Structures are given as C-alpha cells and as structure tokens.
Amino acid sequence: MCLGIPGQIVEITDDERLMAMAEVSGVRREVNVACVATGPLDELLGKWALIHVGFAMSVIDEDEAAKTLEALQGLGEAQETLEAMADGQSALEGTQ
Amino acid sequence: MRFVEEFRDPVAAKTVLAAIEKKVDEIGATAEKPVHIMEICGGHTHAIFRYGLDKLTPPGIEFIHGPGCPVCVLPMSRIDECVQVAEDPNVIFTTFGDAMRVPGSKKSLLQAKADGADIRMVYSPLDALEIARRNPEREVVFFGLGFETTTPSTALSIQQAARESLSNFSVFCNHITVPPPIRILLDDPHMILDGFVGPGHVSMVIGTHPYDFIAEDYGKPIVVAGFEPLDLLQSVLMVLTQIAEGRAEVENQYGRIVPEHGNPVSLAAIADVYETRPSFEWRGLGEIDASGLRIREAYRAFDTEEKFGIGYGAGDRSVQEPEGCACGSVMTGRIKPYQCPQYGKGCTPEMPLGALMVSSEGACAAYFQYSAVEAAE
Ligand code: SF4
C-alpha cells in the first residue's frame, strides 16, 4: 500500500485543482500533482512520477520508472494497485 | 541462490552478497551471535520474503521485522469505531481495500459490508471526495490511515474539501508517524537492535533528518532504502559497513527519490491540516506518546471524530486483543510469526485473527505466503 506506482503525466485536466491524467501500466487515472508542481503544470507533460494513492509524489526518470514497475510486478503490488484503481472507479458509481 | 536469478541484475546482486558476507565475517557475526537489523517498513518486509533475502544473506544477519505496516498496527478499537460509523445508514464509508479484513472486536469492515453497510473500497481519498460531490445528501467518510507517505494525500484532500465547502466529507484520521515507535523499541531493554533499514517512501515526504536521533541519541546506524531487492541488499551492506567501522550515521541509499529535507509541498499540507495527538494506540505496542496525528481545529468540520463523536475523547476506549494472539511479541521482534500458537491454525490470510496476517506487508502474512510457496516447490 505504501509503495506507489510509476505513471506518465499525459494531460493536465484541471489547472486550478492541480489535477492531471496519468497513464499507469496502460490505465488512465486522474491524479493530483500538487506535490510535484514546482512551475507551470504544462512542464509536467510527458514526465514520469511516482504515484501514491492518487497523488504524484516525486518526479522520476523513465529508466527509474521502468525499474520500479518491474520491482512492483515482482511483489504483485502493480496488479494490486491497478485493481484498487478499478475498485475506486466502481466505488464512484456505487456498484461494488 | 534460488532467488538471485530473479533479480533484475543478478550479477550485481551476487557482488553485493559477496561483500555482505565479507563484512559479516569482519564483524565476527555468526548464527549464534548475529547482527540484528530491523527493516522498519512493511514494504521491505514483503520484499525480503519475496526475494528470500533472509536466506540469501549469511546466517550472521538476523532481520527483525519492524512496525511499519500501517494496517497491521491499527488497533481493534479503531476498526470498531469504523464499523460504528459505517453502519449509520446515512453514511458512505470509504476505505483502502487493505483495511477491509482487519478484525475488529465484533466484525471487520468486510463483514459490516456483507451485513449491509455502504462501505466502498477506493484507491485514493480523491475518490472519496468525488463520491461526496456526487452524493450531497449523504455523509461521506474516508478512513485515513498510513504513515507519512500517505498523510499528504488526506491533508491535500481536506484542503480541497474546504475550498469547495464540501460539508458532507470528513476523514477519520488514523495517521501515524514512524519515529516514535522506533524510540520505544530502542528504549526497550529486551530488544537487541544493531542497525536499521529505513523506509524510503516515508523519507520521500519527511526527508532523512527525523531519524537523526537513532544515530545521535542511540548510536545506531540507519540507512534509508529503496524497495527493489538490490536496494535492500546495498542498504544492508551500508549498515554493516557502518557497524564494522564503528560509525552510527543516517545514510541515504535511495537518493534518487529521497531529498534530504523531504517534499516541501507535502510537509506544508501536513502542517496546515494536522497536529500531533498527545498519544495514539498501536496494535501490539499500546499507547505511544506523540505518535499519531489529528485534524486541527481550523478543519474540524472535516473531522469524523468530531462529527460523529467517536474516538479519542469519547470515553473509555480500551479493547482487548484477541485471545491467544501474539501480534505484539511478533511486532517487537520477540518471537517469529511461526512461534505464535495461532499461526496457520486459528490465523491464516483467509481468516486472520491478528492484523499481521491481513496485509502482504505484515510479517505473519509474508511468512505464511512465502513459506507455502517454498513448501510447494
Ligand atoms: S499468527 Fe496471527 S495471531 Fe499470531 S502473531 Fe501473527 S497475526 Fe497475530
């Protein structure tokens, strides 16, 4: 639960709320980028970040992202996180 | 070396393992007189078992599994309080999935959900915020738990709720901090701890300085570590090197993620929303001074404890731990999981009796999961 997962910032969705779309292992998920927003949000586009419970916590490079993802897959955490994201989606709709 | 082949870089792993072996010899540690290294973080415990690091490293190293699994240290009373709130028909109770199976004194959240409570597993407190926006007529409670890694997420969510005046959203705050229990363990005369592997993602938020006391006041080395298997081995080597050289310092193996002073935005949000509680109860460790956070007066409207009159301040809240459960002794490294009389009998990952069996980061679940894998092979 505490490990986070790497995702690539692909779109800024809400400037005011500091929200962006991240692609995590092929799944798109809106995340908060407050903790990594040191300048204009557009600068984050294309960057990789370590995402923890929906918050981008640290900008990482692509190679680090790949290594981290591999380690998470080894621990079964990547799958668990993706399932949690899907749970989150069904929770919004009240269909759990 | 069955597991080494699974490393991303087995050659590098073998090199570090050889260096570890040399250091252990240099220190003169043996199976009878091992160095005791505590990995604080549950993510590290999981990785140690998954990659068999306890078997790959020489018998002169003994890993003590620390209290750093947030789900495992949740006391029964807090789960009972969750169930109480969740069973209010006007409440939508949201939680990370990990917490669903933690046993309460009567039931877990999973059982409460089966009994009809509207409990929803979410990935993020942001999901809970969105549920609150979509259900203005219902009270939406988020079960905020976790160490410093997770604390910024609920702090920022509460700030956002305040900006939107989302008055039907609140957080049941169970955030705890890593350093206080470490101090308790170091003060315990029965504990033998020679060095620490520190939690990397906690330090990503708080930096490395909160651990200065381990080196300065207790003279023990600590190395803040990443969670890849090679990170862990390198960190163990760094701890051993400090011991061999008679040094006690805070070192950072995970510099690529961990800034010395942490993440300023996260720290500011935490300071704005939370203050330290006088004390907080940890499963297996009891009440620990200044080890938990609560929501500040300014954000009282978003505090579930205030809104529902539960938790600290609501009177006598002591709850017994389940009969025959040795979680406390395992958590403090006094016994190994398999030495608990309930291990694998009254307590399994499917039917956990104690919280250490609930999450893959808990020492008992990690032992259980990976010893079953080994037996099968
Ligand atoms: S086996 Fe179960 S009851 Fe025993 S210490 Fe582990 S979690 Fe607690």
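All values reported here derive from a predicted model rather than from experimental measurement. Every chain is numbered from 1, with letters handed out A, B, ... down the list of sequences. Scope of the values below: all heavy atoms of this structure, side chains included, with no hydrogens, waters or symmetry mates.
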**Request:** Determine, step by step, whether A:Leu18 and B:Gln160 satisfy the side chain to side chain contact (heavy atoms under 4.5 Å, CB included) criterion, reporting the C-alpha distance in whole Å, the side-chain angles of both residues, the deciding distance to 0.1 Å, and the verdict.
**Result:** CA-CA 10 Å; A:Leu18 300 167; B:Gln160 182 62 35; over 6 Å; no
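- The candidate with the highest count of non-hydrogen atom pairs below 4.5 Å against chain A, out of B:Pro229, B:Pro125, B:Gly42, B:Gly97, is B:Pro125.
- For B:Met204, the part lying near chain A is the side chain, with the backbone staying farther off; criterion is any non-hydrogen pair under 4.5 Å.
- Heavy-atom minimum distance, A:Ala91 versus B:Ile131: O-CD1, 3.6 Å.
- Distance check, rounded to the nearest 0.5 Å: OG1 of B:Thr95 to CG of A:Asp87 gives 11.0 Å.
- With contacts defined as side-chain heavy-atom distances shorter than 4.5 Å, the pair B:Glu361/A:Glu77 qualifies.
- Pairing each heavy atom of A:Met57 with each of B:Thr149, the nearest pair is CE-O, 4.0 Å.
- Residue B:Ser359 does not touch chain A at all, counting heavy-atom pairs closer than 4.5 Å.
- Heavy-atom pairs under 4.5 Å with chain B were tallied for A:Arg29, A:Gln89, A:Glu83, A:Glu93; the largest tally goes to A:Arg29.
- When side chains are defined from C-beta on, B:Pro152 does not count as touching A:His52, because their heavy atoms never get closer than 4.5 Å.
- From B:Met121, atom CE reaches atom OG of A:Ser90 across 7.5 Å, with rounding to the nearest 0.5 Å.
- At a 4.5 Å heavy-atom cutoff, the contact between B:Arg133 and chain A is made by side-chain atoms alone.
- With a 4.5 Å cut-off on non-hydrogen atoms, B:Leu230 does not touch chain A at all.
- The minimum heavy-atom distance linking B:Ser157 with A:Phe55 is given by the pair OG-CZ, 3.6 Å.
- Among B:Val205, B:Ile119, B:Val265, the residue with the largest count of heavy-atom pairs under 4.5 Å with chain A is B:Val265.
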Anything under 3.5 Å between a donor and an acceptor, one on a side chain of residues 136-144 of chain B, the other on a protein residue two or more places apart or in another chain? List them.
from, atom 1, to, atom 2, distance (Å)
B:Arg138, NE, B:Asn90, O, 3.3
B:Arg138, NH2, B:Val91, O, 3.2
B:Arg138, NH2, B:Asp118, OD2, 3.1
B:Glu139, OE1, B:Lys307, NZ, 2.9

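- One distance of note links CD1 of A:Ile60 with CZ of B:Arg256; it measures 9.5 Å at 0.5 Å rounding.
- Taking both residues in full, the closest heavy atoms of A:Gly54 and B:Ser124 are given as CA-OG, 3.9 Å, listed atom of the first, atom of the second, then distance.
- Listed options B:Leu126, B:Val122, B:Ile257 were ranked by heavy-atom pairs under 4.5 angstrom with chain A; first place goes to B:Leu126.
- For a residue to count as touching a neighbouring chain, one of its non-hydrogen atoms must lie under 4.5 Å from one of that chain's; by this rule B:Val258 does not touch chain A.
- Residue A:Leu82: no heavy atom, backbone or side chain, is found under 4.5 Å from chain B.
- Closest approach of A:Gly88 to B:Asp127, counting heavy atoms only: CA-OD2, 3.4 Å.
- Within residues 67-76 of chain A, the residues having any heavy atom less than 4.5 Å from a heavy atom of chain B are, in residue-number order, A:Lys67, A:Thr68, A:Glu70, A:Ala71, A:Leu72, A:Gly74, A:Leu75.
- Considering every non-hydrogen atom in both B:His201 and A:Leu50, the closest pair reads NE2-CD2, 3.4 Å.
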